[in-house]
Amino acid sequence: MTGSYIACGLAAVCSLACAVITYKKKTHLAYVTGTMFLAACAVNLTYLARIGARTYFAASLTTSAYFVCLDFLVLSMVYYMLEFTQSKIERARFKRALIFATYLLTFIDAAVLVFNVFHEVILRYQYHENSIYAIKYMFEAGTGFYLHLAYVYLLVAVIFFILIRKTWIVPRIYRARYINTLLALSVIGLLTIFYMAGLLEMTMDVAVLVYGFVCPLVYRNTFDYSSKGMLNTTRKMVLEYMGMPIILFDYEGYLADTNRDMRVLFPVLEDQKNRISMMDFLQLGAFRDLQSVETDQTFVWENPGSVGARRYHCVFSCLKDRKGHDIGHLLIMKNLETERDMLTQLYSKNSFYGEMDKLLARGVFPVTVVVCNANGIGLVNDVYGWQKGNELLRQAADLLRGNLPANAVLARLADGDMAVALTEVEQEYAHRLFENIREQYRQVNDTGINTDIEYGIAVIRGRDKGVDDAVREASESMRTKKLMNQSSQKSSLLDSLTQTLTESDYETEEHVERTREMAIRLGKALNLTDGDLGKLALLAVLHDIGKIAIPHAILSKPGKLTDAEWEIMKTHTEKGYRITSASKELKPIGEYILHHHERWDGGGYPGGLAGEEIPLLSRIITVVDSHDVMVHDRPYHKAMSGEDAEAELRRCAGSQFDPKLVEVFLEVLKEEAS
C-alpha cells in the first residue's frame with residue numbers, strides 16, 4: 001500500500017510541476033493546458049486521500065471529491081483538445097451555447113456525486129491469512145455513478161472525435177502529434193476499463209497514475225513538437241520548395257543533399273548510388289567563374305545545357321563550425337530570368353526586361369507593350385482590408401494569364417502596375433484583348449466598389465525604340481486615361497476642373513463629351529498611338545480650362561467683344577497652359593492647350609504658328625471643337641445644318657484648319673451617318 005501512496009504522490013508532483021512551467025508561457029493555450037495539468041494533480045491527490053481513508057465519512061467524502069475532480073479533468077481535456085487541434089465553431093452564438101451547456105452538465109454531475117455518493121460507500125469485512133478480520137471501505141456503483149459514467153464517456157467520445165477528425169484532415173507529415181495524443185488517451189481509457197471490469201489484479205487504478213505521469217509528454221507534444229519533432233521534415237520541405245537549385249557537400253567533399261530544382265538541372269544527381277564529389281560536379285557544370293573552393297564567392301553562371309534558365313546568380317559558401325573547422329560547402333543558384341512576384345506569380349521587373357531583351361534580339365516585330373493597373377484598390381483596402389485588395393490584384397493577374405496568348409510575357413512592375421509584351425500584335429488587337437479583360441474584371445468584382453482596369457499601349461516597331469521607352473510611353477498613356485476613369489482616385493482632379501469650367505463658361509457636359517468621342521474617332525482614323533489617343537481625350541475635356549481665369553462678364557457677354565475684351569479672352573490659352581503645367585498629371589497636354597487656337601495660315605494665337613508647326617493634337621481638337629460648335633445652338637448663334645457645317649469646314653480648310661485633317665474628319669462623319 002505504501003507503494004501506491006508514493007506513486008500517487010509522485011504523479012501529483014509531476015502534474016503540478018508541469019502546470020507551473022506551462023503557466024509561465026503566458027499564452028492562451030498555455031493557460032488551458034496548465035489548467036488541465038492542475039486538474040490531473042487534483043485527481044491524483046483526491047485518489048491518494050481516498051485510498052488512505054480510515055473512516056466511513058472520510059471514505060465517502062474523498063470518493064466524492066475524487067469523482068468531482070475527474071469530471072473537471074475530462075472537461076478541461078475537452079477544452080484543451082479544442083485549442084490544441086484549433087477546432088473552430090463557425091457561429092459564435094452556437095459555440096457559446098455549447099460551452100455553457102457543457103459546463104452546466106458538469107456542475108450538475110458534480111453535485112449529484114457529492115450528494116449521492118454517501119449512500120454508495122459500504123463496509124466490507126475481508127478475511128486475511130493471519131486470521132484477522134479487517135474493515136475495508138469500498139465504493140458500490142449506484143444510479144449516480146452510472147449517470148456520472150455516462151456523462152464522462154460522452155465527453156471522452158467528443159475528445160476522440162475531435163482528435164480523429166483532426167488526424168484525418170491534416171497532411172500526413174503533421175499527423176504524428178495528434179496520433180501520439182490519441183494513443184495516450186486510448187491507453188488511459190483501456191486501463192480504466194480493465195480496472196473497472198476486474199481484469200487487472202491490482203490494488204489501485206493505474207490510470208490515475210497515468211494522468212500525472214503523462215503530463216510531461218503532453219507538454220512536449222503541445223509546445224515542443226513543432227520545433228523539435230518537425231525540424232528535419234520542415235528543413236527538407238524548405239529545401240525542396242525554395243524554388244532555387246541548392247546542393248550541399250559534406251566535409252569530405254562529397255554530395256550530402258540537394259533539392260529537386262538542382263536535380264532537374266543536373267539529372268545525374270538523381271542516381272543515389274553514385275557518390276558524386278564536389279570537384280566532379282563543378283567540372284560537370286563548367287562553373288568557370290568559380291575561382292576557388294576555399295573562399296565564399298558570388299558569380300554568374302551561364303548554363304551550357306538545354307534544361308533550365310540561361311543565367312543564374314550563384315552563391316558558393318564554405319561552411320564552418322564554431323571552432324572554424326570546415327564542415328562542408330553549399331551552392332545556391334538563383335534564376336535571373338524567372339524571378340516571380342510573390343503575390344501575383346507574374347515575372348518580376350528584372351525578369352520582364354530580360355525576356356524583352358531576348359525578344360528584341362530575335363528581331364520579332366512589332367512588339368506591343370501594355371501597362372495596366374487596377375483602379376480603386378486603395379479604396380478596397382480601406383474598406384475591406386488589404387487581403388481583399390490583394391485578392392483583386394490576383395484576380396487581375398489570373399485574367400491576364402487566362403485571356404492573353406501563351407507566348408505573352410507578363411510581369412508586375414512597381415506601384416501595382418502590370419506589364420504585358422505581345423509579339424507580332426498591333427495596337428488595335430491589344431486594345432480588343434484588354435477591353436475584354438476589363439469587362440471580365442468588372443464582373444468578378446464583388447466588393448460593391450467601382451473598380452476597373454486601366455491600360456496604356458506602346459508599340460515597338462524596330463530597334464530605334466527600347467524597352468524603357470515603351471514601358472514609359474504605355475505607363476504615361478495609362479495614367480492619362482486614369483484621370484478620366486471614374487473608378488480611379490486620380491479622376492477627382494479632372495472632375496473638379498471640369499465642374500468649375502462648366503460653371504464658368506457656357507460649355508456644357510454634352511459638348512465636352514461629344515468633342516471627346518469625336519476626337520478619339522478622328523485620332524483612330526489617323527492611326528494615332530494609344531498614348532496620343534489618351535492625351536487627345538484629356539485635351540478634348542480640358543482644352544478651354546483657361547477660361548476659368550477669364551472674368552465671367554466677358555465669357556457671358558452676348559454681343560461682340562471690344563478689342564480690349566478680346567485681348568483678355570485670348571489669354572485663356574496661356575492661362576490653361578499654366579494651370580495644366582502646375583499638375584504632374586496634366587502637364588503632358590499643356591502644350592496642346594497653349595496652341596489649340598493657332599491657325600493653319602499662321603494667323604492664330606498666341607504664337608502665330610503655321611502649318612505643321614502647330615502640334616497635331618492641337619490641330620485635331622480645333623477641327624472637332626469648331627464643328628461641334630457649328631452644329632449645336634449657342635447663346636450667340638443658332639445651329640447650322642450638317643451640310644452648311646461641312647461647307648464651312650471646307651471653306652476654312654487651308655486657312656484656319658489643316659486641310660488633310662478636314663478631309664479625314666469629313667470621312668469619319670460620313671461613316672457615322674451611314
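Keep in mind the model is a prediction, meaning the values are calculated, not measured. Positions are given from 1 along the sequence.
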Nearest non-hydrogen partners of M333 and C314, listed with the distance: CG-SG, 3.8 Å
M81 vs T181 side-chain heavy atoms within contact, under 4.5 Å: yes
H329 side, atom NE2; S317 side, atom OG - distance, nearest 0.5 Å: 9.5 Å
side-chain contact (heavy atoms from CB on, under 4.5 Å) assessment of I437 paired with L404: CA-CA 9 Å; I437 291 171; L404 297 178; 3.9 Å; yes
Heavy-atom check, side chain of F160 versus side chain of S186, under 4.5 Å: yes
Check: T46 and L70 side chains under 4.5 Å, non-hydrogen atoms: no
Results of side chain to side chain donor-acceptor pair (under 3.5 Å) for D257 - residues two or more places apart only: K236
Donor-acceptor contact present, side-chain K25 to main-chain A30, <3.5 Å: no
Backbone N/O of N373 and side chain of D417: donor-acceptor pair under 3.5 Å: no
Heavy-atom pair of closest approach, residues A42 and C69: CB-SG, 3.8 Å
Closest non-hydrogen atom pair, V420 against A408: CG1-CB, 4.4 Å
Value rounded to 0.5 Å, distance of CG in L255 from CZ in F249: 6.0 Å
With sequence neighbours excluded, residues passing salt bridge (Lys or Arg N to Asp or Glu O under 4.0 Å) with K388: E391, D446
Nearest non-hydrogen partners of T22 and G34, listed with the distance: CG2-N, 3.7 Å
Note, D452 side chain near R438 side chain (heavy atom, < 4.5 Å): yes
Qualifying side-chain hydrogen bond (donor to acceptor under 3.5 Å, both in side chains) pairs with a residue from residues 26-44, counting only residues at least two apart or across chains: Y23-T35
side-chain contact (heavy atoms from CB on, under 4.5 Å) between D326 and Y251, worked out: CA-CA 6 Å; D326 292 334; Y251 72 99; 5.5 Å; no
Considering all heavy atoms, the nearest T222-V218 contact: OG1-O, 2.7 Å
Atom pair CG (N390) and CD (Q395), whose distance is rounded to the nearest 0.5 Å: 11.5 Å
Those residues that, when tested against D280, pass salt bridge (Lys or Arg N to Asp or Glu O under 4.0 Å) (two or more places apart): none
Side-chain (N403) to main-chain (L399) donor-acceptor, under 3.5 angstrom: yes
Any residue meeting side chain to side chain contact (heavy atoms under 4.5 Å, CB included) with N259, in chain and number order, not counting sequence neighbours: L239, E240, I246, D261, M262
Residue pair V43 / F72, side-chain heavy-atom distance below 4.5 Å: no
Residue of the set L331, L319, I332 for which side chain to side chain contact (heavy atoms under 4.5 Å, CB included) holds with L248: L319
From CA spacing to verdict: side-chain contact (heavy atoms from CB on, under 4.5 Å), N303, L265: CA-CA 9 Å; N303 182 7; L265 205 55; 3.8 Å; yes
Under the salt bridge (Lys or Arg N to Asp or Glu O under 4.0 Å) test, residues paired with R401 that sit two or more places apart: D398
Side-chain heavy atoms of F213 within contact of L10, under 4.5 Å: yes
Centroid-centroid distance, Y347 to F352, less than 6.0 Å: no
Point-to-point distance, once rounded to the nearest 0.5 Å, from CD1 of I179 to CD1 of I164: 11.0 Å
Mutual orientation of the aromatic rings belonging to Y312 and W301 [parallel < 30°, tilted 30-60°, perpendicular > 60°]: tilted
Geometric class of the Y219/F223 ring pair [parallel <30°, tilted 30-60°, perpendicular >60°]: tilted
Nearest-0.5 Å distance that lies between atom CD1 in I21 and atom CZ in F37: 9.5 Å
From CG (L16) to CG (L38), nearest 0.5 Å: 6.5 Å
4.5 Å side-chain heavy-atom contact, V32 and M36: no
Side-chain heavy-atom pair F266, T258 within 4.5 angstrom cut-off: no
Nearest heavy atoms of G212 and C14, plus distance in Å: O-SG, 3.6 Å
